Amino acid sequence: MTQATSEATISRRGDIQRWSRTLIPTAREAPADAELPSHRLLVRAGCIRRLTAGVYDYLPLGLRVLRKISQIVREEMDAAGGSELLLPALCPTELLKETGRAEDYGDLLFRFEDRHGRDSYLGPTHEEVITEMARSAITSYKQLPLNLYQIQTKYRDEFRPRAGLLRGREFLMKDAYSFHLSIDGPGGLEEGYDAMYQAYVRIFTRCGLDFSVVEAEAGPIGGSASHEFMVNCETGEDTIMVCPETGYAANVEKCEIGDRGAPEQGWFAGDPSGDLEEVHTPDCPGIEDVCKLLKVKPRHMLKTVVFHATDDDAPARWVIAVVRGDQDVNEGKIRDAVGGGVALADVEKAKKAGFAIGYVSPRAVKLDGVLMLVDPDAAAGIDADKGKPMFWVTGADKKDHHVKHFNWARDLGVDAASAANVRVASIRNAAAGDPSPRAPGATLEARRGIEVGHIFKLGAKYSDAMGFAIMDETQQRKSVIMGCYGIGVSRAMAACVEMSHDDNGIVWPAAVAPYHVIITLMRPDDASHAQAAAKLAAELSARGLDVLIDDRAERPGVKFNDADLIGVPVRLTIGDKALAQNGVEFKARSDTGKGELVPLDDVVARCAASVFE
RNA sequence: CGGGGUGUGGCGCAGUUUGGUUAGCGCGUUUGACUGGGGGUCAAAAGGUCGGAGGUUCGAAUCCUCUCACCCCGACCA
């Protein structure tokens with residue numbers, strides 16, 4: 001923790017709340033549909049409740065955590081030169097026409113008509129809204145660079161909301177946008193992006209999260225470069241690839257694969273593994289179905305995926321991508337290999353062009369206007385491990401049929417090694433065990449993560465689309481260069497729990513804990529005990545600590561268990577035993593022991609030391 | 001969107017196959033007593049049109065039809 005922040009915390013008076021006067025509905029059992037620890041524990045601890053799919057109430061305890069995280073975000077954003085604002089969540093869909101993102105977002109967008117029939121949406125992110133504001137409010141290069149951010153509820157109509165707060169349809173997000181006159185140099189995008197990168201590292205560090213920064217795809221937001229901030233956690237939805245030698249880390253979609261090298265005999269070379277055999281595979285367009293029916297492993301399948309070029313001047317109208325059945329085609333890498341835009345082919349159009357969708361084989365390369373990309377692993381004619389001819393199963397280019405013993409040299413119908421419209425290229429997602437792109441000899445490892453932050457270099461994508469340009473000092477009209485930077489605040493809260501809990505409940509990192517100290521009253525009806533608690537709470541508050549006094553008329557066991565469940569970092573127990581010795585019992589949530597007796601005079605300092613470290 | 005599953009007091013479940021009186025159980029809640037340092041004991045009580053609509057039947061949580069909600073798995077990879 002930096003000097004500035006601990007001073008800020010100390011100068012603030014801590015909150016004091018009594019359990020009996022707030023609402024913390026703890027429960028012994030979680031709802032049956034809650035599976036992940038963060039979901040179960042946040043509900044059991046009385047932090048959140050589900051209203052409907054992917055939409056949650058934040059009860060007092062949960063809101064306190066959201067506020068703590070938000071405050072850390074604010075402090076670091078402000079320190080990095082940002083200014084907070086608040087944009088509308090209710091937006092006119094007209095705005096999205098300028099960038100075409102109404103289509104890009106599709107069903108993910110919550111859209112509706114108002115009473116006048118005007119098309120509206122609830123903001124899933126705010127590039128267009130802020131650009132619309134900025135293009136009229138920012139009129140001079142002298143106003144740049146500028147960084148504006150907001151903390152706001154966002155709406156995305158997810159196909160499948162899941163895992164409590166980790167993927168909701170309504171969630172709290174910090175989104176920031178930076179504006180620059182140039183990419184490089186002082187005040188440029190690179191500088192602003194780097195400042196945000198550093199701010200994010202500080203934010204997630206302060207939140208007590210164990211995270212990795214990885215290179216990522218920009219996705220529908222667009223732009224040239226991006227990084228994701230991933231909480232390292234096995235229950236995460238995202239797969240990240242890591243090179244243990246160099247520290248290179250990337251989202252699986254983005255991850256490059258090191259040189260896999262051509263086989264000695266060359267691509268496509270090798271004798272057939274047997275006679276080409278056509279087999280009837282009714283209703284088996286998928287790899288999995290075929291494998292089950294024919295009893296072959298996916299790694300022996302050749303998967304042929306049909307794309308069409310989206311650029312008018314593309315070298316070929318169709319692009320077919322061939323990868324091994326156990327691997328995944330990567331659209332971004334295909335785009336790079338082709339050198340132009342591609343999109344998955346429309347099924348009906350592709351069928352008309354002669355592709356037996358569901359049963360396409362590499363032989364479709366013979367159709368008109370086709371460029372074939374083959375991944376190195378799929379271009380092998382010889383099984384290097386076994387030193388035998390590669391056994392390939394692929395489509396038969398007609399409905400409900402596949403072929404066994406496909407051989408590149410014998411069965412393709414053209415000489416793949418020399419044909420102009422056949423290329424070997426790395427076009428699949430990286431997988432564990434692939435060679436590292438950064439260190440020869442090293443192999444990539446796969447890990448799981450929860451994406452809590454994502455930063456993008458947008459460039460002029462939105463300013464060009466929406467006519468946001470200003471005069472520079474040489475009176476040249478220039479597109480404003482933008483960056484955007486998101487943090488899932490509510491998701492970060494869930495990630496904290498996912499990362500930090502035990503059998504008894506949540507173990508909040510002190511910086512985001514709803515309260516720093518819980519004072520458990522053994523006998524709340526005893527006036528002297530209640531007085532001691534009030535006095536202690538006031539002293540702790542003066543020291544900047546947030547205090548929850550458990551004054552409920554419950555049995556001790558219930559209170560201890562609840563204190564553990566809601567995860568307050570320090571528990572002080574006031575009872576006859578300790579009070580008789582002029583002390584209280586001190587126990588850190590992260591300690592497993594029984595706690596220790598601390599003299600009343602020392603306990604405030606002890607708590608502060610424990611919380612502020 | 002495809003596949004699978006679940007809807008019964010606040011939470012977790014039984015009962016549905018084979019229709020049959022006032023729909024049960026545990027937790028929680030309320031009241032009282034006894035208790036009092038890791039989810040106590042005893043006694044009493046409140047709380048459910050069995051997701052909704054329609055149908056079959058003397059009779060429906062249970063059978064039929066439609067519908068709604070929610071959960072899990074999968075997925076622009078054919």
Side-chain angles (χ1 to χ4, degrees), chain A residues 25-36 39-40 43-44 46 49-55 104 106-107 158-164 169 220 253 281 283-290 298 301-308 319-331 333-334 342-348 350-351 355-361 364 375 378 394-395 397 399-400 402 427-429 503-505 520-526 529 550 552-565 571 573-579 584-585 587 592-595 597:
Chain A
T26 56
R28 285 177 87 150
E29 286 182 280
D33 53 45
E35 296 197 328
L36 291 190
H39 189 188
R40 297 178 58 83
V43 173
R44 284 190 54 212
R49 296 222 157 187
R50 203 194 73 224
L51 176 64
T52 182
V55 179
D104 290 354
D107 292 337
E158 294 284 349
F159 281 126
R160 191 154 90 79
R162 56 179 289 273
R169 297 193 298 165
E253 304 269 300
T281 52
D283 301 318
C284 289
I287 295 286
E288 221 168 280
D289 302 323
V290 180
M301 298 281 305
L302 288 176
K303 180 157 67 179
T304 309
V305 185
V306 182
F307 292 84
H308 75 264
V319 176
I320 61 176
V322 184
V323 300
R324 234 165 55 187
D326 60 330
Q327 299 174 334
D328 294 317
V329 168
N330 183 300
E331 210 172 302
K333 291 179 182 179
I334 289 174
V342 294
L344 204 63
D346 178 81
V347 172
E348 291 312 314
K351 279 184 178 166
F355 296 100
I357 295 298
Y359 307 89
V360 180
S361 88
D375 186 76
T394 190
D397 295 299
K399 189 169 161 50
D400 294 339
H402 282 78
I427 53 164
R428 64 166 174 85
N429 283 352
D503 291 346
N504 298 324
T520 302
L521 280 168
M522 295 305 301
R523 291 175 45 197
D525 53 331
D526 184 313
H529 289 201
D550 188 354
R552 295 174 299 168
E554 291 288 349
R555 295 176 61 84
V558 173
K559 296 171 121 177
F560 290 146
N561 280 314
D562 271 350
D564 286 349
L565 178 59
R571 188 186 79 201
T573 307
I574 293 187
D576 288 324
K577 281 187 202 167
L579 231 40
V584 296
E585 185 187 295
K587 182 183 170 302
T592 45
K594 268 280 182 188
L597 189 72

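A note on names: the letters A, B, ... follow the listed sequences, proteins ahead of strands, and every chain is numbered from 1. Computed from heavy atoms alone, side chains included, the values below leave out hydrogens, waters and symmetry copies. As the structure is a prediction and not an experimental result, all values here were calculated from the model.
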K.L.:
D550(A) CG to G38(B) C1': how many Å, rounded?
P.N.:
13 Å
K.L.:
Quick one: R160(A) CZ to C1(B) P, roughly how many Å, whole number?
P.N.:
15 Å
K.L.:
State whether the side chain of R169(A) and the backbone N or O of A53(A) hold a donor-acceptor pair below 3.5 Å, judged by distance alone.
P.N.:
yes
K.L.:
Could you measure between the two P atoms, the one in G10(B) and the one in C50(B), and give it in whole Å?
P.N.:
14 Å
K.L.:
Between C77(B) atom P and I320(A) atom CD1, what is the distance in whole Å?
P.N.:
17 Å
K.L.:
Does A69(B) have OP1 or OP2 under 4.0 Å away from a side-chain N or O of T52(A)?
P.N.:
no
K.L.:
I'd like to know if the side chain of D550(A) and the backbone of R552(A) have a donor-acceptor N/O pair within less than 3.5 Å.
P.N.:
yes
K.L.:
Can you tell me which nucleotide in C72(B), C70(B), C77(B) comes closest to the side chain of A53(A)?
P.N.:
C70(B)
K.L.:
Under 3.5 Å for both donor-acceptor distances, Watson-Crick or wobble: does G10(B) have a partner, and if so which one?
P.N.:
C27(B)
K.L.:
State which residues pass side-chain hydrogen bond (donor to acceptor under 3.5 Å, both in side chains) with R160(A); sequence neighbours excluded, sorted by chain then number.
P.N.:
none
K.L.:
Quick check: does any side chain N or O of N504(A) sit under 3.5 Å from a backbone N or O of D564(A), one acting as donor and the other as acceptor?
P.N.:
no
K.L.:
Does C66(B) have a Watson-Crick or wobble mate here (both distances under 3.5 Å), and if so which one?
P.N.:
G52(B)
K.L.:
Any Lys/Arg nitrogen of D375(A) or R324(A) sitting under 4.0 Å from an Asp/Glu carboxylate oxygen of the other?
P.N.:
no
K.L.:
When the C1' atoms of U56(B) and G15(B) are compared, how many Å lie between them, rounded to an integer?
P.N.:
22 Å
K.L.:
Applying a 4.0 Å non-hydrogen cut-off, can you work out what R50(A) is touching in the nucleic acid: base, sugar-phosphate, or nothing?
P.N.:
sugar-phosphate
K.L.:
Pick base, sugar-phosphate or nothing for K559(A), based on heavy-atom distances below 4.0 Å to the nucleic acid.
P.N.:
nothing
K.L.:
For C63(B) versus A14(B), give the span between their P atoms, rounded off to a whole number of Å.
P.N.:
16 Å
K.L.:
Is the phosphate of G40(B) approached by R555(A) (side-chain N or O, under 4.0 Å from OP1 or OP2)?
P.N.:
yes
K.L.:
Output the rounded distance in Å from CG (D503(A)) to P (G38(B)).
P.N.:
19 Å
K.L.:
Select base, sugar-phosphate, or nothing to describe what R571(A) touches, counting heavy atoms under 4.0 Å on all strands.
P.N.:
base
K.L.:
Is G74(B) paired to anything, Watson-Crick or G-U wobble with both distances less than 3.5 Å, and if yes, which nucleotide?
P.N.:
C1(B)
K.L.:
Sticking with atom C1', work out how far G47(B) lies from C25(B), rounded to a whole angstrom.
P.N.:
15 Å
K.L.:
Is a side-chain N or O of K559(A) found less than 3.5 angstrom from the main chain of M522(A), in a donor-acceptor match?
P.N.:
no
K.L.:
Atom CG of L521(A) to atom C1' of G36(B): distance rounded to whole Å?
P.N.:
14 Å
K.L.:
M522(A) CE to G40(B) C1': how many Å, rounded?
P.N.:
13 Å
K.L.:
For A75(B) and U6(B), measure between their P atoms and round to the nearest Å.
P.N.:
23 Å
K.L.:
What protein N or O atoms touch nucleotides 9-14 of chain B N or O atoms at under 3.5 angstrom, if any, and at what distances?
P.N.:
unit_1: G12(B); atom_1: OP1; unit_2: A32(A); atom_2: N; d: 2.8
unit_1: G12(B); atom_1: O2'; unit_2: E29(A); atom_2: OE2; d: 3.1

K.L.:
Is the backbone N or O of L565(A) less than 3.5 Å from a side-chain atom of R44(A), with the two atoms forming a donor-acceptor pair by type?
P.N.:
no
K.L.:
Using modelled atom types only, decide if a donor and an acceptor are shared between the side chain of K303(A) and the backbone of Q327(A) within a distance under 3.5 Å.
P.N.:
yes
K.L.:
Strictly distance-based, threshold 3.5 Å: is any side-chain N or O of K333(A) a donor or acceptor partner for the main-chain N or O of R428(A)?
P.N.:
yes
K.L.:
At 4.0 Å (heavy atoms only), tell me whether R44(A) reaches a base, stays on the sugar-phosphate, or touches nothing.
P.N.:
base
K.L.:
Write down the distance between CZ (F560(A)) and P (G40(B)), rounded to a whole number of angstrom.
P.N.:
13 Å
K.L.:
Rounded to whole Å, how long is the line connecting atom CZ of R40(A) with atom P of C71(B)?
P.N.:
16 Å
K.L.:
Pick the closest RNA chain B nucleotide for H39(A) and for I574(A) by heavy atoms, then say which residue is nearer the 5' end.
P.N.:
I574(A)
K.L.:
Could you tell me how far G9(B) sits from G48(B) if I compare only their C1' atoms? Round to whole Å.
P.N.:
5 Å
K.L.:
Counting only Watson-Crick or G-U wobble pairs whose two distances fall under 3.5 Å, which nucleotide matches C42(B)?
P.N.:
G32(B)
K.L.:
Would you kindly compare Q327(A) and R28(A) by the position of their nearest RNA chain B nucleotide and give the one closer to the 5′ end?
P.N.:
R28(A)
K.L.:
Does V306(A) reach a base, just sugar-phosphate, or nothing at all? Heavy atoms under 4.0 Å.
P.N.:
base
K.L.:
When the P atoms of C72(B) and G55(B) are compared, how many Å lie between them, rounded to an integer?
P.N.:
36 Å
K.L.:
Work out how far the P atom of A44(B) is from that of G26(B), and round it to whole angstrom.
P.N.:
13 Å
